Amino acid sequence: MAPPPDNSKTTKLERYNSYLRRVNSTKLLAASSNILFRATLLTAVVLILLFTLHYPPLLAGHHTPAHSHRSLLSSSSPYGGAAWEREVRRSATPRRPGGLSVLVTGAAGFVGTHCSLALKKRGDGVLGLDNFNSYYDPSLKRSRQDLLSRHGILVIDADINDSNLLIKLFDVVPFSHVLHLAAQAGVRYAMRNPQSYVASNVAGLVSLFEVAAKHADPQPAVVWASSSSVYGLNTAVPFSELHRTDRPASLYAATKKAGEAIAHTYNHIYGLSITGLRFFTVYGPWGRPDMAYFFFTKSILSGNAITLFKTRDGVDVQRDFTYIDDVIQGCLGALDTAGKSTGSGGKKRGPAQLRVYNLGNKSPVPVSKMVAILEQLLGKKAKKNVVTMPMNGDVPYTHANVSSAEKDFGYRPTTDLATGLRRFVKWYVEYYGVMAPHAKGKGKGSVGGKGKDVDTGSVASA
């Protein structure tokens, strides 16, 4: 009988081949994974590159000039050096015992200019910061800057998102307070350029809070401009600080509401003393050209039609128009009663003050009545188009409850709309060198208002 065949060599060979196949399979899988990882990484880089090329950075609204983000690390930066630091200190040093040293952001803006002059007049130190963007005519901002300069106030041409500059300023001057008024304003413009609102009203606010909380020594108290727009779709009137503000009607309002939440965070974590002010339709001399009272005046004088809105129920839109002098009173009251911050070097040592106040006039007026007052002051009838209010973020009615501001720092608005508009029209015809029928015989002011202080009610006396 023949012995069984010896299969041991065949079995070993098959096992070896099987082992080689597993090894090769593993290597192939590893190689494939490596190739896939590299391809994914390359794709991500390409997508980031394409996004960067086709979409502007978040912090660069299309109207913001390139020079507004200059860094102190740049060799071409105009900031720094002994002479520059002397000018900064000179402007920011108080001239009265116990005076405040205030950094005012948005200093070449409407409210910023008036508040800076009022602070300087009473002997406080003021240093201004503004990026002079082109949301509205920058020449008006430059004229305000010239006015501030004539009163000894330096306004630095820079952006609040330049954290290096902010750190430098707090190194040079131990500011006791910050009045943060820099912001991207306007409800309707947010539909055309939303990124500019996030850049200014959210990122800019965080930039300022970061430096104030972590680099300033001592930490300053911060008073900043929120907005009555945060009340959004609220229907309870008059608007109270206790009312809900979680239903904004515009992106502008949403960024201001986000600012209030951010303020709470920096107060809670870092001990910053923070006061938010909800402004209600501020108007007056040196005002903003994008505001209705301002461009209505221009249109009436030039014979162009104006557009008036009514609600879908046919009711006139109403606003709680607040004159600039009254708002100045509120801003200075908030600064004077602001508690000290309690942190240092980014560490909180105790609870700090956190407040929010309405600054309004307590007296809503139909916009049609505002137009009637302008017609009387200008001696000319307006050409009117009356249309239903579009869904563009505006709200039909605003009305401020200011009892908290009255109780805490004596805020009492005293200027009625007719008086305030009369002062505005007087400034307008002098500043722009135009003639209104009721302004005959008073002479023309130089266009641009340069070379003299145009009579403004509060500004000329500041």
Side-chain angles (χ1 to χ4, degrees), residues 110 135-137 140 185-192 227-229 231-235 237-239 248-253 279-324 327 360-400 413 415-429 432 434 436-439:
F110 172 33
Y135 168 63
Y136 62 81
D137 184 9
L140 177 58
V187 169
R188 300 171 201 169
Y189 184 63
M191 299 177 70
R192 303 205 321 262
S227 170
S228 61
S229 294
Y231 290 108
L233 302 180
N234 174 53
T235 56
V237 290
F239 297 164
S250 66
L251 178 63
Y252 168 69
F279 296 150
F280 282 72
T281 316
V282 187
Y283 73 101
W286 292 99
R288 281 175 26 210
D290 65 313
M291 299 291 285
Y293 72 93
F294 199 115
F295 63 76
F296 280 0
T297 298
K298 180 179 180 180
S299 295
I300 292 171
L301 288 173
S302 61
N304 294 326
I306 65 174
T307 299
L308 294 177
F309 294 135
K310 287 185 178 292
T311 67
R312 298 187 181 278
D313 298 327
V315 178
D316 283 349
V317 169
Q318 298 187 48
R319 289 290 179 266
D320 198 353
F321 294 101
T322 312
Y323 188 62
I324 184 62
V327 170
N361 197 47
K362 306 188 296 182
S363 180
V365 176
V367 174
S368 58
K369 181 178 179 181
M370 181 261 285
V371 172
I373 295 172
L374 286 176
E375 289 175 327
Q376 183 179 13
L377 291 169
L378 298 170
K380 190 173 182 179
K381 297 295 287 186
K383 299 175 182 178
K384 304 167 191 170
N385 294 325
V386 180
V387 301
T388 301
M389 190 175 198
M391 301 291 290
N392 60 5
D394 274 326
V395 295
Y397 185 86
T398 62
H399 183 187
T415 311
D416 63 86
L417 184 59
T419 300
L421 286 178
R422 183 171 65 251
R423 294 173 183 169
F424 164 74
V425 168
K426 185 178 188 299
W427 168 83
Y428 185 95
V429 298
Y432 286 103
V434 298
H438 286 188

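Worth knowing before you read on, the calculation uses all heavy atoms, side chains too, and leaves out hydrogens, waters and symmetry mates. Because the structure is a prediction, the values reported are computed rather than measured.
Looking at heavy atoms from C-beta onward, V367 lies out of side-chain contact with F309 at the 4.5 angstrom threshold. By the 4.5 Å heavy-atom criterion applied to side chains, T281 and M291 are counted as neighbours. Looking at T398 and Q318, their side chains never come closer than 4.5 Å, going by heavy atoms from C-beta outward. Using a 4.5 Å heavy-atom threshold, the side chains of Y323 and D416 count as separate. Using a 4.5 Å cut-off on side-chain heavy atoms (C-beta onward), Y428 and W286 make no contact. L308 is not listed as a side-chain neighbour of N385, based on a closest heavy-atom distance of 4.5 Å or more. Two residues are said to be in side-chain contact when any heavy atoms from C-beta on lie closer than 4.5 Å; P366 and V317 fail this criterion.
Of the inter-residue distances, the one linking F110 atom CZ with F279 atom CZ reads 10.0 Å to the nearest 0.5 angstrom. In this structure, CG on L374 lies 8.0 Å from CG on L417, to the nearest 0.5 angstrom. Summarising the geometry, atom OH belonging to Y189 is positioned 13.5 Å from atom OH belonging to Y136; distances are rounded to the nearest 0.5 Å. Interatomic distance, CD1 of I324 versus OG1 of T415, reported as 10.5 Å (0.5 Å rounding). Atom CZ of R188 sits about 13.5 Å away from atom OH of Y252, to the nearest 0.5 Å. Residue S368 holds its OG atom at 10.0 Å from CD1 of I373, rounded to the nearest 0.5 Å.
Closest approach of A253 and S229 over heavy atoms only: CB-O, 3.2 Å. Between M370 and F296, the shortest heavy-atom distance links the atoms CE-CD2, 4.0 Å. The heavy-atom pair separating F321 from V365 by the smallest distance is CE1-O, 3.8 Å. Across every non-hydrogen atom of F295 and D290, the tightest pair is CE2-O, 3.2 Å. The shortest non-hydrogen separation linking P413 to K362 is CG-CE, 4.3 Å. The two residues G232 and V395 make their nearest non-hydrogen contact at O-CG1, 3.4 Å.
A donor-acceptor distance shorter than 3.5 angstrom exists from the side chain of T322 to the backbone of D320, with no hydrogens or angles considered. At distances below 3.5 Å, not a single donor-acceptor pair connects side-chain atoms of D313 with backbone N or O atoms of V315. Side-chain N or O atoms of K380 include one that pairs as donor or acceptor with a backbone N or O of L301 at under 3.5 Å. When atom types are taken as modelled, the side chain of E375 and the backbone of K381 share no donor-acceptor pair closer than 3.5 angstrom.
In this structure, Y397 and H399 have perpendicular ring planes: the angle between them is above 60°, well past the 30° mark.
Side-chain N/O atoms of N361 and S363 include no donor and acceptor closer than 3.5 Å.
With sequence neighbours left out, the ring pair (Phe, Tyr, Trp, His ring centres under 6.0 Å) criterion links F280 to no other residue.
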### Task
Report the C-alpha distance between K383 and I306 in whole Å, list the side-chain angles of each, state the deciding distance to 0.1 Å, and finish with yes or no for side chain to side chain contact (heavy atoms under 4.5 Å, CB included).
CA-CA 6 Å; K383 299 175 182 178; I306 65 174; over 6 Å; no
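In this structure, F294 has its ring center no closer than 6.0 Å to that of Y283.
Counting only residues at least two apart or in different chains, salt bridge (charged side-chain N to carboxylate O under 4.0 Å, His left out) contacts with residues 301-312 comprise K310-D316.
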